[in-house]
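Every chain is numbered from 1, with letters handed out A, B, ... down the list of sequences.
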Amino acid sequence: MMKDIYADLLWRGLIHQSTDATFLPEWLNSGSRTLYAGFDPTAESLHVGHLLPLLMLRRFQRAGHRPIALIGGATGMIGDPSGKSQERNLLSAEALQANVAGLQQQMQPFLDFDAGPLSALLANNADWMQGFSYLGFLRDVGKNFPINAMLAKDSVKARLERNDSGMSYTEFSYMLLQAYDFVHLYDRFGCQLQIGGSDQWGNITAGIDLGRRMRSVQLYGMTCPLLTKTDGTKMGKTEKGALWLSADRTSPYAFYQYWINVADEDAGRCLRVLTELEQAEIDALDRLRDEQPQARHSQKRLAEALTRLVHGDDGLAAAVRATEVFFGAEIDRLTDQQLVEIFADVPSSQLPCGRLETPGLSLIQALTTAGLAKSNSEARRAIQQGGAYVNNRRRDDLDTMLTAADLASETVIVLRTGKKRYALLRFQDETKDERFSKKGG
RNA sequence: GGGGGGUUUCCCGAGCGGUCAAAGGGGACGGACUGUAAAUCCGUUGGCAACGCCUUCGCAGGUUCGAAUCCUGCACCCCCCA
């Protein structure tokens with residue numbers, strides 16, 4: 001007995017458009033199907049925007065279907081005009097190569113590649129597109145695309161109607177490539193369903209049309225809504241840019257924090273759309289959020305589920321530990337390793353360890369060298385006002401001298417002003433001149 | 001070309017010879033409160049070896065015991081009459 005994937009997607013609000021709302025549920029429940037979603041390698045890491053389709057693939061697989069993650073090594077060379085207001089810059093071949101590798105790596109944990117006939121597949125359309133000659137493509141594929149139908153697509157229309165930006169023939173052709181991908185995946189793997197974000201609808205239907213023309217076969221499509229916040233802005237945007245899935249670009253802590261801070265109004269939808277929690281639990285969380293919003297059970301559950309999914313149990317543990325430290329009590333008896341992990345996003349400065357020998361380093365100086373105060377006066381003020389903390393412990397004596405006893409780990413002292421501004425001081429031998437070793441910011 | 005007004009500390013904006021590091025507001029930063037929210041309240045807001053000293057009020061000079069405040073020149077901005 002298969003899980004009713006369509007009904008599940010429906011109540012989660014994950015179906016924006018589908019080619020056939022009455023036929024698809026039955027088709028999906030009556031057998032194992034092969035489906036795909038495409039990801040263009042525009043960066044070497046996925047970001048939150050990719051999460052939705054990637055999770056869709058995962059949901060389908062768990063419901064007994066076979067997912068294909070298609071990486072657009074070929075289409076990425078062109079640039080998808082959908083949802084873009086301007087012509088895109090082309091990526092170099094090398095950059096593209098690196099991005100493809102990065103994405104493949106990142107997709108691994110989401111899908112099961114060792115599940116017998118349901119094993120997920122990774123495909124790269126460069127593999128079949130590169131062999132295509134221009135003439136061959138025009139004859140076999142291009143011939144099947146009526147220009148008037150192409151011009152009628154929203155993605156194209158939107159761009160042509162703007163008078164400040166046009167569209168090149170290259171981007172115009174993007175649709176053909178993606179359409180052909182669908183047909184190719186059908187030929188090769190019997191893939192009959194393509195899913196994607198709502199901005200992909202035009203490309204998906206182009207593929208369906210092409211399937212009908214070239215192979216006389218019925219293909220299907222489905223899109224999920226774009227993930228936006230109640231205020232209309234995109235989910236997953238931070239002041240620093242996108243929220244990446246790669247730990248190098250967005251630390252597990254920052255990732256976790258983003259979800260912890262989701263607005264109450266958005267939390268319910270995020271739970272539905274981004275987690276695999278069952279309906280009963282989500283309903284319960286909705287109720288809890290209503291009754292005691294301050295407890296923020298929903299946000300915690302959301303952050304937990306997503307961080308575990310993206311960064312694994314270790315990543316989640318690190319994020320939770322970092323959260324405790326950032327908002328919690330004294331920092332003590334930790335190792336350098338732990339501190340560096342927790343404070344990965346925090347600027348640090350180095351000082352020779354001799355500075356901790358008697359009489360020690362004045363707290364005032366420590367704050368200025370760490371960059372937490374612009375001047376000694378500012379440092380004084382912070383201390384006097386009770387806004388200076390060493391290892392999360394308030395120190396309000398102006399004459400405080402820091403010594404080896406204040407180290408939180410082997411070589412690090414954690415300084416903080418105010419509620420959240422942190423900086424690390426590392427005491428190491430080989431440092432020659434403290435002024436040149438500042439980093440971060 | 002003629003006449004008038006302006007240029008103040010991060011921003012707006014008072015000050016019009018000493019009591020001015022310069023009112024008030026905004027912002028920012030600390031603290032309390034709180035849900036790691038918003039609002040609110042309190043405090044701080046040029047620098048330094050700090051009951052004192054130094055630098056700051058468009059720029060450069062001058063008058064004066066003393067100038068952000070008065071005079072001269074320069075630069076930029078605004079308004080009115082040509």
Undergrad: How many whole angstroms separate atom CG of A/Asp264 from atom P of B/rU36?
TA: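 Going from A/Asp264 (CG) to B/rU36 (P), I get 12 Å.
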Undergrad: Base of B/rC41 relative to its sugar, syn (within 90° of 0) or anti?
TA: anti
Undergrad: Could you provide the dot-bracket string of RNA chain B, using ( ) for intrastrand pairs, [ ] for crossing pairs and | for bases paired to another strand, with Watson-Crick or G-U pairs below 3.5 Å?
TA: (((((((..(((.....[.....)))((((((.......))))))(((...)))...(((((..]....)))))))))))).
Undergrad: For nucleotides B/rC79 and B/rG61, find the distance between their C1' atoms and express it as a whole number of Å.
TA: 29 Å
Undergrad: Where the side chain of A/Gln385 is defined as all heavy atoms beyond and including C-beta, which of B/rG30, B/rC33, B/rG35 is the nearest nucleotide?
TA: B/rG30
Undergrad: Just to be sure I understand the rule, does A/Gln257 reach a base, reach only the sugar-phosphate, or reach nothing, if contact means heavy atoms closer than 4.0 Å?
TA: base
Undergrad: Starting at CZ of A/Phe327 and ending at C1' of B/rU34, how long is that distance when rounded to a whole Å?
TA: 13 Å
Undergrad: Distance check needed: B/rG30 P versus A/Tyr422 OH, whole Å only.
TA: 12 Å
Undergrad: Going through the checks in order, is the side-chain hydrogen bond (donor to acceptor under 3.5 Å, both in side chains) test met by A/Gln365 and A/Asn376?
TA: CA-CA 7 Å; A/Gln365 246 187 65; A/Asn376 289 359; over 6 Å; no
Undergrad: Rounding to the closest angstrom, what is the interatomic distance between B/rA68 and B/rC16 at atom P?
TA: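 It works out to 14 Å between them.
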Undergrad: Closest approach to the side chain of A/Thr323, judged atom by atom: which nucleotide of B/rG35, B/rA50, B/rU36 is it?
TA: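 It is B/rU36.
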Undergrad: Given that A/Glu378 and A/Ile260 both sit by RNA chain B, which one's nearest nucleotide is further toward the 5' end?
TA: A/Ile260
Undergrad: Between B/rU44 atom C1' and A/Arg381 atom CZ, what is the distance in whole Å?
TA: 7 Å
Undergrad: Examine the base of B/rG47 for any acceptor or donor lying under 3.5 Å from a partner atom in the side chain of A/Asn376, and report the outcome as yes or no.
TA: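 Checked by distance alone, the answer is no.
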Undergrad: Which nucleotide, B/rC33, B/rG35, B/rA50, lies nearest any side-chain atom of A/Pro293?
TA: B/rG35
Undergrad: Rounded to whole angstrom units, what separation is found between the CG atom of A/Leu302 and the P atom of B/rG35?
TA: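 It works out to 20 Å between those atoms.
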Undergrad: For the pair A/Met129 and A/Met77, evaluate side-chain contact (heavy atoms from CB on, under 4.5 Å) and give the outcome as yes or no after the intermediate values.
TA: CA-CA 11 Å; A/Met129 285 313 307; A/Met77 302 203 69; over 6 Å; no
Undergrad: Is A/Tyr253 close to A/Phe326 at the side-chain level, that is, under 4.5 Å between some pair of heavy atoms?
TA: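 They are in side-chain contact.
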Undergrad: Taking atom C1' in both B/rU7 and B/rG13, what distance in whole Å separates the two?
TA: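 The same atom, C1', in both gives a distance of 13 Å.
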Undergrad: Using modelled atom types only, decide if a donor and an acceptor are shared between the side chain of A/His297 and the backbone of A/Leu285 within a distance under 3.5 Å.
TA: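 No: the side chain of A/His297 does not pair with the backbone of A/Leu285.
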Undergrad: On RNA chain B, does the nearest nucleotide to A/Gln299 precede the nearest nucleotide to A/Lys374 from the 5' side, or the other way round? Give the residue.
TA: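 The residue closer to the strand's 5' end, by nearest nucleotide, is A/Gln299.
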Undergrad: With sequence neighbours excluded, tell me which residues meet salt bridge (Lys or Arg N to Asp or Glu O under 4.0 Å) with A/Arg289.
TA: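 With sequence neighbours excluded, A/Arg289 shows a salt bridge (Lys or Arg N to Asp or Glu O under 4.0 Å) to A/Asp286, given in chain and number order.
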Undergrad: For B/rG58 and B/rG15, measure between their P atoms and round to the nearest Å.
TA: 15 Å
Undergrad: So what does A/Ser375 hit on the nucleic acid, given a heavy-atom distance under 4.0 Å: a base, only sugar-phosphate, or nothing?
TA: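 Answer is sugar-phosphate: A/Ser375 comes under 4.0 Å of backbone atoms only.
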Undergrad: Report the distance from atom CZ of A/Arg380 to atom P of B/rG30, rounded to the nearest whole Å.
TA: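 Rounded to whole Å, this separation is 19 Å.
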Undergrad: Applying the side chain to side chain contact (heavy atoms under 4.5 Å, CB included) criterion to A/Ile204, which one of A/Met175, A/Gln17, A/Gln194 satisfies it?
TA: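 That would be A/Gln194; it is the only one of A/Met175, A/Gln17, A/Gln194 passing the side chain to side chain contact (heavy atoms under 4.5 Å, CB included) with A/Ile204.
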Undergrad: Which is true for A/Tyr389 with a 4.0 Å heavy-atom rule: it touches a base, it touches only sugar-phosphate, or it touches nothing?
TA: sugar-phosphate
Undergrad: Without decimals, in angstroms, what is the distance between A/Gln292 CD and B/rG35 P?
TA: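 Answer to the nearest Å: 11 Å.
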Undergrad: Can you tell me, in whole Å, how much space there is between the P of B/rC10 and that of B/rC80?
TA: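 That atom pair is separated by 32 Å.
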Undergrad: I'd like to know if A/Glu304 pairs up with A/Arg301 as an ion pair, taking the criterion as any Lys NZ or Arg NE/NH1/NH2 lying under 4.0 Å from an Asp or Glu carboxylate oxygen.
TA: yes
Undergrad: Grab the CD-P distance between A/Gln294 and B/rA38 for me, whole Å please.
TA: 16 Å
Undergrad: Touch check for A/Arg394, heavy atoms < 4.0 angstrom, all strands: base, sugar-phosphate only, or nothing?
TA: sugar-phosphate
Undergrad: Using atom P of each nucleotide, how far apart are B/rC59 and B/rU69 to the nearest Å?
TA: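 Straight-line distance between the two P atoms is 11 Å.
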Undergrad: Could you give the distance separating B/rA39 and B/rG30 at their P atoms, to the nearest angstrom?
TA: 16 Å
Undergrad: Rounding to the closest angstrom, what is the interatomic distance between B/rU55 and B/rG5 at atom C1'?
TA: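 Pairwise C1' distance, B/rU55 against B/rG5, rounds to 30 Å.
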Undergrad: So, A/Arg395 and A/Asp406, do they make that salt bridge, N to O below 4.0 Å?
TA: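 A salt bridge is present here (some side-chain N lies under 4.0 Å from a carboxylate O).
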Undergrad: So what does A/Arg296 touch, heavy atoms closer than 4.0 Å: a base, only the sugar-phosphate, or nothing?
TA: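 If one applies the 4.0 Å heavy-atom cut-off, A/Arg296 turns out to touch a base.
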Undergrad: Only one of A/Trp259, A/Phe255, A/Trp244 passes ring-ring contact (aromatic ring centres under 6.0 Å, His included) with A/His311; say which it is.
TA: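 It is A/Phe255; the other options fail the test.
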